[in-house]
There are 2 protein chains.
Amino acid sequence: MEITIKTLAAELNLSIATVSRALQDSHEVADKTKRRVLEMAGKLNYHPNPYASSLRKQKSKTIAVIIPEIANNFFSFALKGIQKVVEKEGYNFLVYLTEEDLEKEIAITKQLQSGRVDGIIIALSSQTDSVSHLWDLHNMKIPMVFFDRVCDQIDASKVYTNNFESAMNATSHLIENGCKKIGYFQLSNKLSLAERRMSGYKAALETHQIAFDEGLVLTCGTNVEENYQRIKGLISEKTLDGIFASVEALTITSYDVCKGLGLSIPRDMKIVSFSNLATAHLLSPPLTTINQPAFEMGMEAASLLFRNLTKYNAYPVVEKAEFKSVLMARESSVEVRPLP
Amino acid sequence: MEITIKTLAAELNLSIATVSRALQDSHEVADKTKRRVLEMAGKLNYHPNPYASSLRKQKSKTIAVIIPEIANNFFSFALKGIQKVVEKEGYNFLVYLTEEDLEKEIAITKQLQSGRVDGIIIALSSQTDSVSHLWDLHNMKIPMVFFDRVCDQIDASKVYTNNFESAMNATSHLIENGCKKIGYFQLSNKLSLAERRMSGYKAALETHQIAFDEGLVLTCGTNVEENYQRIKGLISEKTLDGIFASVEALTITSYDVCKGLGLSIPRDMKIVSFSNLATAHLLSPPLTTINQPAFEMGMEAASLLFRNLTKYNAYPVVEKAEFKSVLMARESSVEVRPLP
DNA sequence: CTGTTAGCGCCTTCAT
DNA sequence: ATGAAGGCGCTAACAG
């Protein structure tokens with residue numbers, strides 16, 4: 001930085017204090033003085049040093065967004081929603097990726113104990129079982145909002161969808177279309193979200209009097225090639241006629257496997273998945289997806305967070321926003337209709 | 001913040017300076033002292049205040065990434081590449097979206113004159129014609145790397161692909177497959193990137209002795225519905241038999257329009273596009289794309305930036321890393337082969 | 001090897 | 001309505 005508040009003060013024959021107040025549009029400074037200051041600031045192209053300000057005020061006008069993955073329609077749309085609100089509030093946001101790795105998540109949250117950010121939006125990694133690192137943040141009273149992959153144990157604001165119901169409806173949809181052996185592919189069995197989706201799957205089976213078979217459940221990792229092989233193995237071994245992919249990444253892999261095996265979809269195999277693929281309606285064969293309203297969820301998460309950042313709240317606001325996912329059936333590549 | 005370097009110093013009967021040095025692993029402090037300090041820091045769960053440090057050192061260990069769009073395979077993979085390098089260097093990154101809006105881009109760059117970040121990676125918005133806001137940053141000697149949508153006028157590091165050649169090859173591919181009237185859909189006619197792609201398109205036409213027709217060029221905006229209508233209009237009006245979509249967003253829209261018009265692809269219409277769609281190989285009909293190596297480009301951009309951030313470089317490094325895009329022909333939904 | 005001192009740029013009592 | 005002074009937490013001379 002070259003030109004500071006001090007430069008302005010000297011240039012205008014004012015005290016530093018007055019200039020500072022003028023820049024903050026304080027009521028206790030003469031309008032005329034304000035104008036002089038602003039004008040000079042413009043002329044000299046003055047920009048306040050955010051770090052000096054953060055240090056002094058102990059707040060950074062910055063939030064952190066921690067997500068497991070970014071190259072993914074769900075999270076990138078969520079980011080877009082978050083950024084929209086963040087921008088409106090005049091904040092900045094830092095992005096951190098855990099890549100589904102608990103160790104990274106811990107390292108990141110530890111870093112954030114430094115007070116670098118005023119608040120945090122976090123979607124847990126699929127490996128996160130212990131949450132003590134989150135307790136640390138929570139105990140420091142850093143406002144947090146859990147996003148999609150929420151943490152049940154901690155009482156903070158949360159934004160998520162009707163996972164149980166959606167999974168149940170989607171599974172029922174498969175069953176009602178003739179599936180008997182439905183594989184369930186997930187990324188985690190540690191998250192509460194995973195549990196809810198799985199429960200929905202089980203509930204649908206139960207309703208239709210199909211026995212739940214542990215052997216049809218596949219918990220995948222982050223290695224695409226490995227997932228491919230495991231999915232391929234399970235499909236052949238168990239002669240599946242239906243697939244429920246509980247995350248976007250596994251949707252594409254499942255598709256690829258079916259194509260590779262020469263399975264005709266939907267004749268030999270029906271697929272349903274949580275997924276926000278932009279091209280779902282152009283895929284061949286058509287894909288029935290459970291769409292989460294990522295953008296709106298992102299906006300809501302940021303809004304909740306900012307409610308906790310305003311100094312007027314003496315106590316943290318804890319709210320839970322439950323969004324509805326939409327089950328989109330695509331029976332052909334042109335017909336697209338939401339299911340109940 | 002509760003516990004600071006001062007607390008540690010008091011607790012250990014050391015001076016603040018010594019503690020600070022120990023924490024930075026300075027060579028001029030006794031190993032024993034270092035260990036004591038580190039141990040106490042761990043015990044008290046001390047975290048250095050990044051803003052105090054930034055203020056003092058006049059560097060923030062933070063960079064800004066300015067992109068026009070995030071819900072998009074190209075930019076989200078690029079971000080992933082950037083984050084990988086950023087993480088390795090122990091930096092943080094702020095994300096800013098321009099949403100293809102020059103005004104926003106100007107506002108953001110103005111903000112960044114405050115010294116909030118040590119360096120900037122930027123992909124210009126499609127509306128950016130004037131670049132005076134970038135000159136301001138450049139004149140302040142803030143290291144910048146232009147990414148993909150580069151700025152020719154400013155002498156800084158740049159990362160981009162062989163746009164001319166790729167566009168030429170793709171267009172030739174269409175022509176050699178029988179297309180006579182190839183529509184060219186773009187988002188901008190202001191960027192140098194747009195110009196290069198367009199030149200490639202023209203060069204291919206010329207080589208094949210097809211007259212360039214201005215009327216087949218459509219410069220779209222950010223309104224999806226409007227783009228849809230304009231594309232639809234042009235296809236019908238000009239009876240196109242081929243489409244070159246120069247950005248990912250227009251690829252999907254073009255597809256939708258063809259489906260809507262009942263055009264059979266590739267019989268009635270052949271399409272080629274710059275696009276990093278994850279599902280390109282699953283689309284029906286198959287899509288021939290020009291894939292940009294987004295992840296690698298992101299890593300390279302960040303690496304170039306960091307080379308300029310090390311204090312050992314007295315003068316800015318300017319490098320241009322031209323990456324090769326890969327033209328992928330997909331004649332059926334299973335066959336995928338790179339073209340020359 | 002350790003301590004003392006002087007700020008980085010800004011905000012905020014407290015005084016006038 | 002304005003000014004003076006102190007300090008946010010940390011680092012970097014400069015001493016010793």
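Side chains are part of it too, since the values below use all heavy atoms of this structure and drop only hydrogens, waters and symmetry mates. Per chain, numbering begins at 1; letters A, B, ... match sequence-line order. Remember, it's a predicted structure, so these values are computed and weren't measured experimentally.
- Atom NZ of A/K59 has more than 12 heavy atoms from other residues, nucleotides or ligands within 6.0 Å.
- Between B/E69 and A/K80, at least one side-chain N (NZ, or NE/NH1/NH2) sits under 4.0 Å from a carboxylate O, which counts as a salt bridge.
- Rounded to an integer number of Å, the gap from A/H47 NE2 to C/dC10 C1' is 16 Å.
- Taking atom CZ on B/R116 and atom C1' on C/dC10, their separation rounds to 14 Å, with Å as the unit.
- With no hydrogens or angles considered, no side-chain donor-acceptor pair links A/D101 and A/S125 at under 3.5 Å.
- The one candidate from B/E105, B/H138, B/K110 that meets the side chain to side chain donor-acceptor pair (under 3.5 Å) condition with B/H133 is B/E105.
- Within the 4.0 angstrom heavy-atom criterion, only backbone atoms of the sugar-phosphate kind lie near A/T33; the bases stay farther away.
- Remark: A/N13, A/L14, A/S15, A/A17, A/T18, A/R21 in residues 10-21 of chain A come within less than 4.0 Å of DNA chain D through at least one heavy atom.
- Listed pair B/Y46 / D/dC10 meets the phosphate criterion, a side-chain N or O lying under 4.0 Å from OP1 or OP2.
- Put simply, CD on B/Q24 is 17 Å from P on D/dG9, counting in whole angstrom units.
- Contact between the side-chain N/O atoms of A/Q58 and the OP1/OP2 oxygens of D/dG9 is found at a separation under 4.0 Å.
- B/F75 is linked by a ring pair (Phe, Tyr, Trp, His ring centres under 6.0 Å) to nothing, counting only residues two or more places apart in sequence or in another chain.
- In this structure, of D/dG9, D/dC10, C/dC10, it is D/dC10 that holds the atom nearest to the side chain of B/P48.
- In this entry the distance linking CG of A/L23 with C1' of C/dT12 reads 15 Å, nearest Å.
- Note on A/I5: only backbone sugar-phosphate atoms sit closer than 4.0 angstrom, heavy atoms only; bases stay farther off.
- Taking only side-chain atoms of A/N49, from C-beta outward, the nucleotide of C/dG9, D/dC10, D/dA12 with the closest atom is C/dG9.
- Going from atom NZ of B/K6 over to atom P of C/dG3 covers 16 Å, rounded to whole Å.
- Between B/K34 and B/R56, it is B/K34 whose nearest contact on DNA chain C lies nearer the 5' terminus.
- Nucleotide D/dG16 holds its P atom 16 Å from the CD atom of B/E28, rounded to whole Å.
- Side-chain atoms of B/S76 come within 3.5 Å of backbone atoms of B/N72 as a donor-acceptor pair (strictly under, hydrogens ignored).
- The interatomic distance linking B/R36 (CZ) with C/dC1 (C1') rounds to 13 Å, in whole Å.
- For the pair A/R149/A/L187, a side-chain contact is recorded, criterion being any heavy-atom separation below 4.5 Å from C-beta on.
- Distance, B/K57 NZ to C/dG9 C1': 17 Å, rounded to whole Å.
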